A.B. asks: 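My questions all concern the structure below.
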2 protein chains.
Amino acid sequence: MNYSVVIVGSGTSGQTVAIKLAQAGISVALIDDRPLGGTCALRGCTAKKYFVVNRELMDGARDLQAQGLEGLPLPQWEQTLALKNRFTDTVPENTLAYLKSLGIHVFQGTAVLNSPDSLQVIPSQFRRASESAKTTAITELTFDSLVLACGSDPRVPQIPGIELTLDSEDFLSLAQAPQSMIILGAGYIAFEFSHIAASYGARVTILDRNASPLPLFDPGLVQQLLASAQSRGIRYVPESSAASIEKTPGGLRVTDTAGNAWEAEVVLNATGRVPRTAELNCPAGNVELKGSGIRVDAWGRSASNPKVFAVGDSVAGLPMLAPVADGMAEVVAEVLLNRGDNSCVTPFSSLVIPSTVFSNPPLASVGLSETAAGEKYGEDLIVNASDTSQWISSQRIGQRHSGYKVLIQRSTKKILGAHLLSHNSSEVINIFALAMAADLPAPQLEKLPWAYPTAVSDIKYMLRTV
Amino acid sequence: MNYSVVIVGSGTSGQTVAIKLAQAGISVALIDDRPLGGTCALRGCTAKKYFVVNRELMDGARDLQAQGLEGLPLPQWEQTLALKNRFTDTVPENTLAYLKSLGIHVFQGTAVLNSPDSLQVIPSQFRRASESAKTTAITELTFDSLVLACGSDPRVPQIPGIELTLDSEDFLSLAQAPQSMIILGAGYIAFEFSHIAASYGARVTILDRNASPLPLFDPGLVQQLLASAQSRGIRYVPESSAASIEKTPGGLRVTDTAGNAWEAEVVLNATGRVPRTAELNCPAGNVELKGSGIRVDAWGRSASNPKVFAVGDSVAGLPMLAPVADGMAEVVAEVLLNRGDNSCVTPFSSLVIPSTVFSNPPLASVGLSETAAGEKYGEDLIVNASDTSQWISSQRIGQRHSGYKVLIQRSTKKILGAHLLSHNSSEVINIFALAMAADLPAPQLEKLPWAYPTAVSDIKYMLRTV
C-alpha cells in the first residue's frame, strides 16, 4: 500500500501532523505499537496532572496553616488513581475513533524501515512469532513522506538491580502511595514526583549524581526550590551515583559508588528519557541518528533522507516537552502541506517555548539562561532578579521560597529570558513567552494593565530597565 | 504655598501620578483626609485577597472531595483577619515615608476648592471646630495643576435602617465570620464576599433588585456562575429590592418592596460605590460633575477647568478597578510631564483592561461584550463559546461549572473580547488583554506554544476561526 504520508507514533506530535494533513485531503497512515494516545496523555503530562492538582491543594493548605486554615485534607491516592485511569482508559479508543473519522488508516504494530521509502508493520502479537508466521502478518507500506514521531522511553542506566525500580509510568500506576521512595536523578520528573509522593506522606530521598539539580533551570532559583523541597521533608543528596540496587525485607536498598546505602519501599528511576528509535532499523531507511535521536534541520527534515521528517521526543537535541513536540509538528505539517517546500515556512525554534516544573512553588522558564545571555550580550544585558518571599503575593499564601530573574537587552529593551519560582508561575511564564514571540519590549509590557491582584500583575515589578 | 501639582487622594492612582512627577523633579503636594494608602490597599483588592486565598483553598479542597482528598481544612477567620491587619496597619506609615523620601509634601486633611487654581486643607481634627479655630489651622495651597484622585465610597441607598448594615470595609474588619449574612446588591463585591462568607460557614442570601446579577459580565457565564454559587449554598433572590432593615433579637431583618422578609446576623450593603467628591466643593473650582463623578476627556482633563485632572474611582463613567485607575494615572502623569500638552500622549482606553470576579470559579472579562460586538460588527463577528465543565482541565479539579466566550472579527481575525469562567481565569484573561493591546490576531495566538498543562494552554481550543 502506498500513502502520501506515513506517520509513526500516535502521541501529541504524530496526531498533530496526521490531523492537519488528513483535513487537507492527503492520504495518511498512522502506526503505533502501543495503545493510541502517546506519552503525554497516557503516561506523562496529562496523566500526572491528576496527582499534581491534589498535591497543590494539600501543599497550599499546609502553607496557609495559622494564616486562616487549621487542619489538612487527607490525601487518598486510590481516588486520584481511579480518576486518572478513568481518563487514560478512554484515550486509545477515543483517539482511534477520531483518527478514523478523518479518514486516517491506523495500523497497530511495530514500524520497521525496509528502505528510504518503505517500511513494514509487524503486528504486536507476531513480534516473537516465527519468520514464516510473521511474514504473512506483515503489512508493507510505501510513502512519499515519512514522519517519525516515535516518542521516548525512560533511560535505563546500567546498574545491577535497575530492573527492580519503577519508571514514571509505573509510579503513576501504583495501587497505593509508597511510604518511602528513593529517586534516582534530579530533573523535573524527580522534582514533580518527589513533591507528589511527599504530599501523600512518603519519605522521599533524591540521589543526584551531579552537584546540583535541574541543570536546565536558573541555578539561583533552583537553590530556592531545593530549600522549599527540603522544608517539605524531601531529602536531597548531591553527588550520589547509584552503584547497585537490591531487595531487602521491607523494599529496596540503593548503594552508591561511595558506599553509602539508602533504603526505601520503592525506587523511582528518573534519570532521563531517550528517543524510542531502537526498533525502527534506521540504517535501512538511511535515517541518520545522533545518539538514539533523529538528526533533523530546523524544519524537521532528516539530515540524510529528504523524504523523512521527525518530531517530538524522537528528535535529537530537543527539549522533551509537549509544546516543543507540538510546535515542531506544526512546522512539519506546514512543510508537507507545501509539498515539501520549506521556503515559506518559519523554521522551528524552541527559544520561546516555556517549560515548567510542577513543584511547590512551580519553577518556570522561557528563553535564555543568564549564562547564555551574558555570553551573547555582555554589557548589553540587564539582569533583574530578586527574592520575592517578602512580597505580599508570597506572604498572603504563606509561600516562603520564591524569586524571579528577568533578562532584558539594554539597547533594545527586548526580553531575552524569564525565570520564575512562584505560585502560578506556570501561568505567568506564558505572558513572557507571548511577549518574546511577539517581540514586545519590556517597557510596553510594564505599562499594560493586568487584572489585579493576580500572579501576572506582579510582572510590572520585574521589568524595570532604568 | 504654591505647588506645580497638587494631588488629592493617596490611593493607587494618586500615588502613581505623585511618584512619577516627583521623580521628574516637579514640586508635588499630596492631600488625604484618611490614613494613606487608598481603598485598594486598605479596604479593597489587596486587603480582600487575604480572605480570597484562604477561600480558594477551602473551595478547591471541597471540589476535590472523592477525587483524591477527604476532609476539609477548618477556616479560621481571626487568623486571616490578623494577617490582613498586619499588612494594612503598616501601609499608611510606609506610604508616608516613601512619599516623603521622594520630596512630596503630604498634608493630612480635607481638600476644599476655593477657586479654579486654589484650595484649602482642613486638618481632620478641625473639621467640626468653630470657624475661627478652623481658620487658623487651615492651609491654603495654589497649584498650576490639580489631580483629583479622591476615590469612592460605598453607595448608601435611602432605605430605613441602612445605617445598621455593614459596608465592604466593615466586613473585612469583622472580628469573627458571620453565621448568616444578607447581601444587598449583586455586583462583583456581592459575589466575592458571598463566596468568602459561605466558605467560612455562613448562610448567605443575595438580594438583587434586578432580574440577573453582574450586569457587566457575559450573561451566559453569569448564569453558570450563579449555578456554581447556589451549589455552594449561596441563595440568590432576583428582583428583590430592600424596603427596610430593622433589628431582631438575633440580628437584622430585611423586608423587600414585595413584603418578603429575610433575617440574618449581618447585612452587607454592596449596592455599588460612588465617587467621593462631596466635600471638594467642585463648583468653586469650576470642576464639572456628572452625578458625583468628575467629567474628564480621554487624557483625564476636566471638561470645565483645564488646570484640573481626575483619575481613578472619582472619574465619571469609568469602571472602578485598580488597573483602570493606574492606567488613567499613567496617562495623566505623561500629560503633566509634557507640561499639559497631550498631543503626543495616547489617550486612555479601558477597552483592553481585564477585570475579574474572584468567585469560584473566577469570572474574568476583557474587551467587548457579545452584544456590543454584535452591534458593531454584525456578520463580521465570530463567537466561539462552550460549556467546558467536561474538559479535562475542569474534571480533574472537580470544577462543575465553567465556560468561555471569545469574540473574533472574521475579516481581520482580531480578538474583540474574551469572557472566561474557569480556574485561574484571572491569570488567563491577561493573555487575551495582552494580545488585544498588541494587536495579535487569533491565529497567531492559537499557534503559540504554552507551558503544558496549564490554564493558559486551554486557550488554543478557544481560538478557532474557520
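Letters A, B, ... mirror the listed sequences (proteins, then strands); counts begin at 1. Since we're looking at a predicted model, the values are computed, not measured.
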A.B. asks: Counting heavy-atom pairs under 4.5 Å with chain A, which one of B/Leu448, B/Leu72, B/Leu57, B/Val53 comes out on top?
C.D. replies: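 Between B/Leu448, B/Leu72, B/Leu57, B/Val53, the count favours B/Leu57.
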A.B. asks: Could you tell me which non-hydrogen atom of A/Gln79 sits nearest to which non-hydrogen atom of B/Gln67, and how far apart they are?
C.D. replies: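 Heavy atoms of A/Gln79 and B/Gln67 come nearest at OE1-N, 3.5 Å.
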A.B. asks: Minimum heavy-atom separation for A/Ile353 to B/Pro449, with atom names?
C.D. replies: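 Residues A/Ile353 and B/Pro449, closest heavy atoms: CG1-CG, 3.4 Å.
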A.B. asks: Is A/Leu445 close to chain B through its backbone or its side chain, or both, or neither, when contacts mean heavy atoms under 4.5 Å?
C.D. replies: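 Just its side chain gets close to chain B.
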A.B. asks: Could you tell me which non-hydrogen atom of B/Thr454 sits nearest to which non-hydrogen atom of A/Ser426, and how far apart they are?
C.D. replies: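 Heavy atoms only, the tightest pair is CG2-O, 3.4 Å.
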A.B. asks: Testing the basics here: between B/Pro354 and A/Ala451, what is the closest heavy-atom pair and its distance to 0.1 Å?
C.D. replies: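 Where B/Pro354 meets A/Ala451 most closely, the heavy atoms are CG-N, 3.3 Å.
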A.B. asks: Rounded to the nearest 0.5 Å, what separates atom CD in B/Glu446 from atom CD in A/Glu330?
C.D. replies: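 One finds 8.0 Å between CD of B/Glu446 and CD of A/Glu330.
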A.B. asks: Looking at A/Pro73 and B/Gly71, what are the two nearest heavy atoms and their distance?
C.D. replies: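 Result for this residue pair: CB-O, 3.1 Å.
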A.B. asks: Count the heavy atoms of every other residue, nucleotide or ligand shown that sit under 6.0 Å from NZ of A/Lys414, and state whether that count exceeds 12.
C.D. replies: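 Open.
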A.B. asks: Sub-3.5 Å donor-acceptor pair from the side chain of B/Asn430 to the main-chain atoms of A/Ser457, do we have one?
C.D. replies: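 Side chain of B/Asn430 to backbone of A/Ser457, a donor-acceptor pair under 3.5 Å: no, none is there.
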A.B. asks: Below 4.5 Å, heavy atoms only, C-beta onward: do B/Glu70 and A/Gln76 meet side chain to side chain?
C.D. replies: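 Yes, side chains in contact.
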A.B. asks: Could you tell me the separation between the OG1 atom of B/Thr80 and the CG atom of A/Leu64, rounded to the nearest 0.5 Å?
C.D. replies: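 With rounding to 0.5 Å, OG1 (B/Thr80) is 8.0 Å from CG (A/Leu64).
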A.B. asks: Give the C-alpha distance, both sets of side-chain angles, the deciding distance and a yes or no for side-chain hydrogen bond (donor to acceptor under 3.5 Å, both in side chains) between B/Thr46 and A/Tyr452.
C.D. replies: CA-CA 9 Å; B/Thr46 310; A/Tyr452 184 83; 3.1 Å; yes
A.B. asks: Under a 4.5 Å heavy-atom cut-off, does chain B meet the side chain of A/Ala322, its backbone, both or neither?
C.D. replies: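 Contact with chain B involves the side chain of A/Ala322 alone.
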A.B. asks: Between A/Val52, A/Ile392, A/Leu69, which residue shows the highest count of heavy-atom pairs closer than 4.5 Å to chain B?
C.D. replies: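 Answer, by heavy-atom pair count under 4.5 Å with chain B: A/Leu69.
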A.B. asks: Which one wins on heavy-atom pair count under 4.5 Å against chain B: A/Pro323, A/Ala437, A/Ser393, A/Ser355?
C.D. replies: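 Looking at each option in turn, the highest pair count goes to A/Pro323.
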A.B. asks: Heavy-atom pairs under 4.5 Å with chain A - which of B/Leu321, B/Asp326, B/Leu83 has more of them than the others?
C.D. replies: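 Highest number of heavy-atom pairs under 4.5 Å: B/Leu83.
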A.B. asks: Do you know which of A/Leu440, A/Asn424, A/Ile429, A/Thr356 has the most heavy-atom pairs with chain B at a distance under 4.5 angstrom?
C.D. replies: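 Of A/Leu440, A/Asn424, A/Ile429, A/Thr356, A/Asn424 has the most heavy-atom pairs under 4.5 Å with chain B.
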A.B. asks: Let's test your reading of the structure: which of A/Gln395, A/Lys49, A/Lys48, A/Lys84 forms the most heavy-atom pairs below 4.5 Å with chain B?
C.D. replies: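 Max contact count across the listed options: A/Lys49.
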A.B. asks: Report yes if some heavy atom in the side chain of B/Leu434 is under 4.5 Å from a heavy atom in the side chain of A/Trp450; otherwise report no.
C.D. replies: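 SC-SC contact between B/Leu434 and A/Trp450 confirmed.
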A.B. asks: Would you say that A/Phe358 contacts B/Pro453 through its side chain, given a criterion of any heavy-atom pair below 4.5 Å between the two side chains?
C.D. replies: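 A/Phe358 vs B/Pro453: side chains touch.
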A.B. asks: Keeping B/Glu427 on the side-chain end and A/Ala455 on the backbone end, is there a donor-acceptor pair under 3.5 Å?
C.D. replies: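 Between the backbone of A/Ala455 and the side chain of B/Glu427 there is a qualifying donor-acceptor contact (under 3.5 Å).
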